[in-house]
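Let me begin by presenting the structure, written as structure tokens, before commenting on it.
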Amino acid sequence: MPGSTPELTRNAVDVLPEGRLAEQLQGERPLRVKLGIDPTTADIHLGHTVVLGKLAEFQAAGHTVVLIVGDFTARVGDPSGRSASRPVPTPEEIEANATTYQEQAFKLLDPARTEVRRNGEWLDMRLDELLRLMGTTTVARLLERDDFQKRMAANAPIAAHELLYPLLQGYDSVAVEADVELGGTDQKFNLLFGRDVQSAYGRPQQSIMTLPILVGTDGVRKMSKSLGNYVGVTDPPAEMFGKLMSIPDEAMDEYFRLLLGEDGRPPGPPNQAKRELGRRLVERFHGAGAGAAAEAAFDRVFVERSVPDDIPAVDLGGYLGDGDGAVHLPRLLAGAFGISSSEARRLLAGGGVKLDGEPLAADPLDLPAAALAGRVLQVGKRRFARLHAAG
RNA sequence: GGGGGAGUGCCCGAGUGGUUAAAGGGGACUGGCUGUAAACCAGUUGGCUCUGCCUACAGAGGUUCGAAUCCUCUCUCCCCCA
């Protein structure tokens, strides 16, 4: 099969066992390359796309991608990198997420060369089958992983079912006859464990490849929805561009390398490089032309300090006081921006609220609707609302 | 099953009867500077019909003029023994 080892292993951290992938690539048969994603949150973010991008490379080389949507494993919760058991999403949430995941994954993957499977197909097994699966390993093996060692050292709980996670993920590999499995570096234990499960079931063992974990927009912690430092692949262009502009300079090299396949960030002023990063990633997810448009919109707001094109409209009608035609600002701000009215008061007092670009005093908390209608209310640098007269 | 320890605001963590909406740190937000970077400076960080009121220190009840702090029961977690 085509696809040279050096190309396909670019950016990889571990490719194990040594030399195995190269052998597999010598074969005649397209490889079955597996990735499992648990639909525990609604969005795929750029961090996931590091691995998805690698899968796309395998596809381009003629191999088959097996994307496993972990509708069943989502109920267990992957302990990887976790210092606590995670909250379990409801079946409805899992189902909703599972659907959008496929859509989002196809922003990078070729649907024609992707086999999408849900692991509920085979993991919802009889107890005797589960016992057989559990019998393939030992408690010591399951506990030897780092995250558990840390939890034990910290006296943090480990739920019994969490122990099963690697077995279940490994069984996925048996079920789909995976030749290769990809994952983040935090998946190394699970991926290697899959090999043991495969061999216990008399199947050929997969090789594994781990890829670096992308740092979030804060430049410190890994990108994750729950940490709020993520860029979602479905984020609107302006938001995506803006988030990318806010990453620390130090993170740029990594973004260029892992997301764009470059050797690092281009030379020149950091600001220019970051703009290029933003443009190119927006193009990738929103199509040609979207990048330049997002950049232009960004400049209007942050360089020219003017108001973005499409901002939400707020009808003053719902905020009028008792008959006197006055609008209570805290309530208006609360309704328009989804903050509490107490927070709105604080922002007013701190000079964080503007009307048509002019700071709004906290002194009169009630303003006549006539003084607000048609004007633009702004909180901080990036939250806007256009006010409309009642009616 | 027996014994011991612990549960505080977004997170960590101080506080063991009274000026405690609760020290300190982190994070976040706002303002300044700027490249929506970093660093730095300043402010804010429970809610509301906001010179006041309400809710809050796992939950419920109780003692007290007054409780996060004392008592009882419940729930959850950790450790040791079995």
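Letters A, B, ... mirror the listed sequences (proteins, then strands); counts begin at 1.
Side-chain contact, A:Asp38 with A:Thr73: a donor N or O sits under 3.5 Å from an acceptor N or O. When only modelled atom types and interatomic distance are considered, A:Gln206 and A:Glu177 share no side-chain donor-acceptor pair under 3.5 Å. A side-chain donor from one of A:His328 and A:Asp366 sits under 3.5 Å from a side-chain acceptor of the other. Defined by atom type and a distance below 3.5 Å, a donor-acceptor pair is present between the side-chain atoms of A:Gln59 and A:Thr114.
Looking only at side-chain heavy atoms (C-beta outward), A:Ile37 and A:Val69 stay at 4.5 Å or farther from each other. By the 4.5 Å heavy-atom criterion applied to side chains, A:Arg275 and A:Met245 are counted as neighbours. With a 4.5 Å cut-off on side-chain heavy atoms, A:Pro17 and A:Arg195 count as touching. Residues A:Ser173 and A:Lys34 meet the side-chain proximity criterion, which asks for heavy atoms closer than 4.5 Å.
Taking the C1' atoms as reference points, B:rA37 lies 33 Å from B:rA23, given to the whole Å. Across B:rU8 and B:rU76, the matching C1' atoms stand 15 Å from one another, rounded to whole Å. Atom C1' of B:rG9 sits at a distance of 24 Å from the matching atom of B:rG5, rounded to the whole Å. For B:rC57 and B:rA22, the C1' atoms lie 8 Å apart once the distance is rounded to whole Å. Separation of the P atoms belonging to B:rC65 and B:rG47 is 34 Å when rounded to the nearest angstrom. Only the P atoms considered, B:rC12 is 13 Å distant from B:rA58, to the nearest whole Å. Distance check on atom P: B:rC33 versus B:rA68 gives 44 Å, rounded to whole Å. As rounded to the nearest Å, B:rG17 and B:rA67 have P atoms that lie 14 Å from one another.
Taking atom CG of A:Leu360 as the reference point, atom C1' of B:rU30 lies 15 Å away to the nearest angstrom. Here B:rG26 presents its P atom at 14 Å from CZ of A:Arg221, a figure rounded to the nearest Å.
In this structure, A:Lys243 is positioned above the aromatic face of A:Tyr230, its NZ or CZ under 6.0 Å from the six-membered ring centre and within 45° of the axis.
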**Request:** Indicate for each nucleotide in nucleotides 32-38 of chain B, in 5' to 3' sequence, whether protein heavy atoms under 4.0 Å reach the base (B), only the sugar-phosphate (S), or nothing (-).
**Result:** --BBBB-

**Request:** Encode nucleotides 41-49 of chain B as B, S and - characters from 5' to 3', where the letter depends on protein heavy atoms closer than 4.0 Å: B to the base, S only to sugar-phosphate, - to neither.
**Result:** ---SS-SBS

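Ionic pairing of A:Arg118 and A:Glu95 is present here: one or more N-O contacts between side-chain nitrogen and carboxylate oxygen are shorter than 4.0 angstrom. Between A:Arg20 and A:Glu18, no side-chain nitrogen of the basic residue sits less than 4.0 Å from a carboxylate oxygen of the acidic one, so the salt-bridge criterion is not met.
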**Asked** Can you give the dot-bracket line for RNA chain B, using ( ) for pairs inside the strand, [ ] for pairs that cross earlier ones, | for pairs with another strand and . for unpaired bases, where Watson-Crick and G-U count if both distances are under 3.5 Å?
**Response** ((((((((.[[[..)..(.....]]]((((((.......))))))(((...)))...[[[[[..)....]]]]]))))))).

